[in-house]
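Since the structure comes first, as structure tokens, the remarks are kept for the end.
Protein chains get the first letters and strands the later ones, always in sequence-line order, with residue 1 at the start of each.
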Number of protein chains: 2
Amino acid sequence: MHTHGTVDQAAPAAADPAAEIRAAGLKVTAPRLAVLHGLTESPHATADQLFEAVSLELPGTSLQAVYGVLGAFTTAGLVRRIEPAGSAALFERRVGDNHHHIVCTNCHSVRDVECVTGQAPCLTPSDTAGFVVQTAEVTFWGLCPDCQNL
Amino acid sequence: MHTHGTVDQAAPAAADPAAEIRAAGLKVTAPRLAVLHGLTESPHATADQLFEAVSLELPGTSLQAVYGVLGAFTTAGLVRRIEPAGSAALFERRVGDNHHHIVCTNCHSVRDVECVTGQAPCLTPSDTAGFVVQTAEVTFWGLCPDCQNL
DNA sequence: CAGTTGTTTTGAATCATTCAAAACATGGTG
DNA sequence: CACCATGTTTTGAATGATTCAAAACAACTG
């Protein structure tokens, strides 16, 4: 290995957003870096929330650009799109692993939940009605800590 | 028990739609009977599909009426509303039990899947992040029998 | 059978998302 | 290092699902 020092230890993709985008076969642009940054700060954000965040960092960016970025990222496997019932689509960077979500029935906040049994697909239906199962998606609903005292 | 004969054997609610609606505290109307009928024929239907079905049975019914009926039914606990990612809301009569769904990734057809472990809530997350879990919703994704040969 | 209340109609607004054409910037090439 | 091809963003508008609101109407109560 032709590396030296300590900085090189960090995972390249996670540490360098630009490299991560490039590695996905996409061109590196300011809006894309800004969206990726926004997703790091808000791990479960809507297109609109990301538009707000990106607007601060990069004024003039259009909402459609954010949608475009998210679409490209999702297609490239850089981000995952989830769609909990009753709210707009949410985007998250955590991808490739098999984790699920818990959504607050009151304030709609979302948190990650590790896979229920430890591996993907972590569940197998008893009767698949002839379907060939590809994935299992689990959404837990409940009250978040903040909404329990109301 | 003050019943006699054989007809009384059937469950009142399931056998008599009007009684079922009345038992839910709602007024019995033609659009409501038609929507309930439509849901019996198509166990996982969108508001629009039900509007089509109702239109045949009761021409002149408005789409908004169907939405209104479905809203009232959902609030009353007569039907359940599910929202698989990527499609409009679906409504089903099967309610009160704990069953899940499998959705075809190709044609979006939906089938019921019995509860994975047999009772509600049938799953418990390992780390709830402080949430008080109320329900677990499971959606399986895969290819339906028809879409496997393409 | 008349009144009250809940329901449906009619018409329009809203939200999230996508489409399309033109202007523009990235990254490879000469 | 400038240029070019392609991919990306902007701008402007359309779409689909759903909800809102006021007026007309119909179901159950007494």
- Query: Where each residue is assigned the nucleotide of DNA chain C containing its nearest heavy atom, which of B/Gly25 and A/Ala89 is assigned the position nearer the 5′ end?
  - Reply: B/Gly25
Separation of [X] atom [atom1] from [N] atom [atom2], in whole Å?
X	N	atom1	atom2	value
B/Phe51	C/dT9	CZ	C1'	12 Å
B/Glu52	D/dG16	CD	P	14 Å
B/Ile21	C/dT7	CD1	P	11 Å
B/Leu26	C/dT8	CG	P	9 Å
B/Glu83	D/dT18	CD	P	7 Å
B/Leu90	D/dA17	CG	C1'	12 Å
B/Leu58	D/dA26	CG	P	12 Å
A/Leu63	D/dT11	CG	P	13 Å

- Message: Using side chain to side chain contact (heavy atoms under 4.5 Å, CB included), reason through A/His44 and A/Asp112 one step at a time and then give a plain yes or no.
- Response: CA-CA 9 Å; A/His44 301 100; A/Asp112 286 336; 2.8 Å; yes
- With heavy atoms under 4.0 Å as the rule, sort B/Thr46 into base, sugar-phosphate or nothing. nothing
- Task: Check every strand shown and say whether A/Gly60 touches a base, only sugar-phosphate, or nothing at a heavy-atom separation below 4.0 Å.
- Result: sugar-phosphate
- Walk me through it: do A/Glu92 and A/Arg111 pass the test salt bridge (Lys or Arg N to Asp or Glu O under 4.0 Å)? CA-CA 11 Å; A/Glu92 64 181 354; A/Arg111 296 300 271 288; over 6 Å; no
Side-chain N or O of [X] less than 4.0 angstrom from OP1 or OP2 on [N]?
X	N	answer
B/Tyr67	D/dT19	no
B/Thr29	C/dT8	yes
B/Arg22	D/dT29	no

[X] side chain: which of [options] is closest?
X	options	answer
B/Lys27	C/dT5, C/dT8, D/dA13	C/dT5
A/Arg32	C/dT17, D/dT8, D/dT18	D/dT8
B/Ser62	C/dT10, C/dT17, D/dT10	C/dT10
B/Ala65	D/dT18, D/dC28, C/dT8	C/dT8
A/Gln64	C/dA12, D/dT10, C/dT17	D/dT10

- Note on the structure: Result for 5'-nearest mapping on DNA chain D, choosing between A/Ala72 and B/Arg81, is A/Ala72
- Taken to the nearest 0.5 Å, the spacing of B/Thr46 OG1 from B/His108 NE2 works out to 12.5 Å
- Query: Which pair of non-hydrogen atoms, one from A/Leu50 and one from A/Val35, has the smallest distance, and what is that distance?
  - Reply: CD2-O, 4.2 Å
- For B/Gly77 and B/Val95, work out which heavy atoms get closest and say how close. O-CG1, 3.4 Å
